Amino acid sequence: MKKSLWYLMGVVAFLCVWTSCKEESDTYDAYANWPSRNAEYFTQIAAEARDSIALAKALYGDQWEGNCRWRMFKSTTKSPSAGGSLTDSICVYIEKSGTGTESPTWSDTVRVNYRGYLMPTQNQVNGEWVEERKVFSQSFMGDLDNRISVPVKMGVSTAVPGFATALQYMHKGDVWWVYIPSDLAYGSQSSGAVLPYSTLTFYTNLVDFYEPGETIPDWK
């Protein structure tokens, strides 16, 4: 299901980029119509998540969470009782579940391995179209390997709202793909390689977390 989602996203990105090409040349702007394309990208991610959750609930009832890898969480910065829009929530695909049973809180400090991506785009390399997912930030190189990776230390409250929300639902050992709409990321602002109105994707592994006042050991 996740592979089919990435395929669909690639097709959508390709069509959007193709229509932005100049007819008189073979060049194009991979970031043309960036705000609208990112909004559509998150909408399609959310549709995949909602459909998967609805199917699991229909088939498994109260046991649906054990039979579905998708989750949607309303931002912890938003009132849980108030109405809102789609972009008040993040989408999560659970790649691996850890063994922890508790989650960090807003005031905790975490150690995480992560890699952050912009939405997929199509680019032309040596005359061939290829899909690219630009990495804008990462704490490890290559494949995630907890034997050698050094998780970064950060306060939950210092993260963008969407990432902070994900951390507060994760358990030790979890590996998640976290999809964050621009409203819960940097919005109309840029940050390093992140363009304004970017939907962000984080490949995230929660290694450990610590309460306020708790001694945080050096990582070895």
Side-chain angles (χ1 to χ4, degrees), residues 1-17 35-104 112-122 131-133 143-144 159-185 197-206:
M1 186 176 292
K2 185 166 181 290
K3 290 182 178 179
S4 64
L5 174 63
W6 278 115
Y7 175 78
L8 177 60
M9 294 301 102
V11 171
V12 171
F14 175 81
L15 291 175
C16 291
V17 169
S36 60
R37 286 168 53 207
N38 274 264
E40 178 63 20
Y41 176 62
F42 183 77
T43 297
Q44 294 195 33
I45 292 283
E48 175 76 6
R50 281 198 308 264
D51 290 349
S52 297
I53 292 170
L55 178 60
K57 287 182 176 180
L59 293 175
Y60 303 103
D62 292 342
Q63 304 302 315
W64 75 269
E65 289 183 321
N67 296 277
C68 180
R69 291 183 178 271
W70 282 101
R71 302 287 189 274
M72 293 185 72
F73 300 118
K74 189 172 184 179
S75 171
T76 55
T77 63
K78 307 288 184 178
S79 171
S81 59
S85 65
L86 176 64
T87 54
D88 284 341
S89 298
I90 63 171
C91 298
V92 167
Y93 182 88
I94 301 172
E95 181 168 299
K96 177 184 176 182
S97 295
T99 57
T101 58
E102 298 183 354
S103 300
V112 292
N113 294 309
Y114 77 91
R115 179 172 289 141
Y117 299 91
L118 299 181
M119 67 163 280
T121 61
Q122 292 287 330
E131 182 178 272
E132 292 185 341
R133 288 190 294 160
D143 295 332
L144 176 61
V160 295
F163 194 56
T165 295
L167 290 172
Q168 291 175 83
Y169 283 98
M170 296 185 78
H171 304 119
K172 291 182 184 179
D174 282 353
V175 179
W176 288 6
W177 288 89
V178 182
Y179 301 90
I180 304 173
S182 64
D183 288 357
L184 298 179
Y197 302 106
S198 291
T199 293
L200 305 184
T201 301
F202 283 95
Y203 181 65
T204 310
N205 165 225
L206 177 61

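Note that the structure is a prediction, hence the values are computed from the model and not measured. Sequence positions, counted from 1, serve as the residue numbers for this chain.
Side chains of Gln44 and Glu48: no donor on one and acceptor on the other come within 3.5 Å.
Classification of the Tyr41-Tyr179 ring pair by plane angle, with boundaries at 30° and 60°, yields perpendicular.
Judged by distance alone, the side chain of Arg71 and the main-chain N or O of Glu65 form a donor-acceptor pair under 3.5 Å. Side-chain atoms of Arg69 come within 3.5 Å of backbone atoms of Ile94 as a donor-acceptor pair (strictly under, hydrogens ignored). Checked by atom type and distance alone, the side chain of Lys172 never pairs as donor or acceptor with a backbone atom of Glu102 at under 3.5 Å. A donor-acceptor pair is defined here as one N or O able to donate and one able to accept, closer than 3.5 Å; no such pair exists between the side chain of Ser75 and the backbone of Asp88. In this structure, the side chain of Asn205 engages the main chain of Asp174 through a donor-acceptor pair within 3.5 Å.
For the atom pair CG of Leu144 and CZ of Arg115, the computed distance is 8.0 Å after rounding to the nearest 0.5 Å. Separation of atoms OH (Tyr197) and OG (Ser182) is listed at 8.0 Å; rounding is to 0.5 Å. Taking CZ from Phe73 and CD1 from Ile90, the interatomic distance works out to 6.5 Å, rounded to the nearest 0.5 Å. Within the model, atoms CG of Asn113 and CZ of Phe202 stand 13.5 Å from one another, a figure rounded to the nearest 0.5 Å. To the nearest 0.5 angstrom, Ile45 atom CD1 is 10.5 Å from Trp177 atom CH2. The distance from the CE atom of Met170 to the OG atom of Ser103 is 9.0 Å, given to the nearest 0.5 Å.
What you find for Ile180 and Leu184 is that their closest heavy atoms are CG2-O, 3.5 Å. The two atoms that bring Ala82 and Lys74 nearest to each other are O-NZ, 2.5 Å, heavy atoms only. Residues Ala164 and Ala159 share a closest heavy-atom pair of N-CB, 3.9 Å. Between Leu167 and Pro104 the shortest heavy-atom distance is O-CD, 3.1 Å. The minimum heavy-atom distance between Ala49 and Met72, with the atom names listed, is CB-CG, 3.9 Å. When all heavy atoms of Pro181 and Thr199 are compared, the pair lying nearest together is CA-OG1, 4.3 Å.
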request  = Output, in order, the C-alpha distance, side-chain angles, deciding distance and verdict of side-chain contact (heavy atoms from CB on, under 4.5 Å) for Phe42 and Cys91.
outcome  = CA-CA 9 Å; Phe42 183 77; Cys91 298; 3.9 Å; yes

message = Go through it in stages, so that I can follow the logic: the residues are Tyr203 and Val175, the test is side-chain contact (heavy atoms from CB on, under 4.5 Å), and I'd like the CA-CA distance, side-chain angles, deciding distance and then a yes or no.
response = CA-CA 7 Å; Tyr203 181 65; Val175 179; 3.5 Å; yes

query = Under the side-chain contact (heavy atoms from CB on, under 4.5 Å) criterion, do Asp51 and Trp70 qualify, and how do the steps go?
reply = CA-CA 9 Å; Asp51 290 349; Trp70 282 101; over 6 Å; no

request  = Report the C-alpha distance between Thr121 and Arg37 in whole Å, list the side-chain angles of each, state the deciding distance to 0.1 Å, and finish with yes or no for side-chain contact (heavy atoms from CB on, under 4.5 Å).
outcome  = CA-CA 10 Å; Thr121 61; Arg37 286 168 53 207; 3.7 Å; yes

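Results of the side chain to side chain contact (heavy atoms under 4.5 Å, CB included) test with Thr43 over Asn38, Thr87, Leu86 single out Leu86 as the only residue that passes.
More than 12 heavy atoms of other residues, nucleotides or ligands lie within 6.0 Å of OH in Tyr114, so this atom counts as buried by the packing criterion. Sparse packing is recorded around CD of Gln63, with 12 or fewer heavy atoms of other residues, nucleotides or ligands lying under 6.0 Å away.
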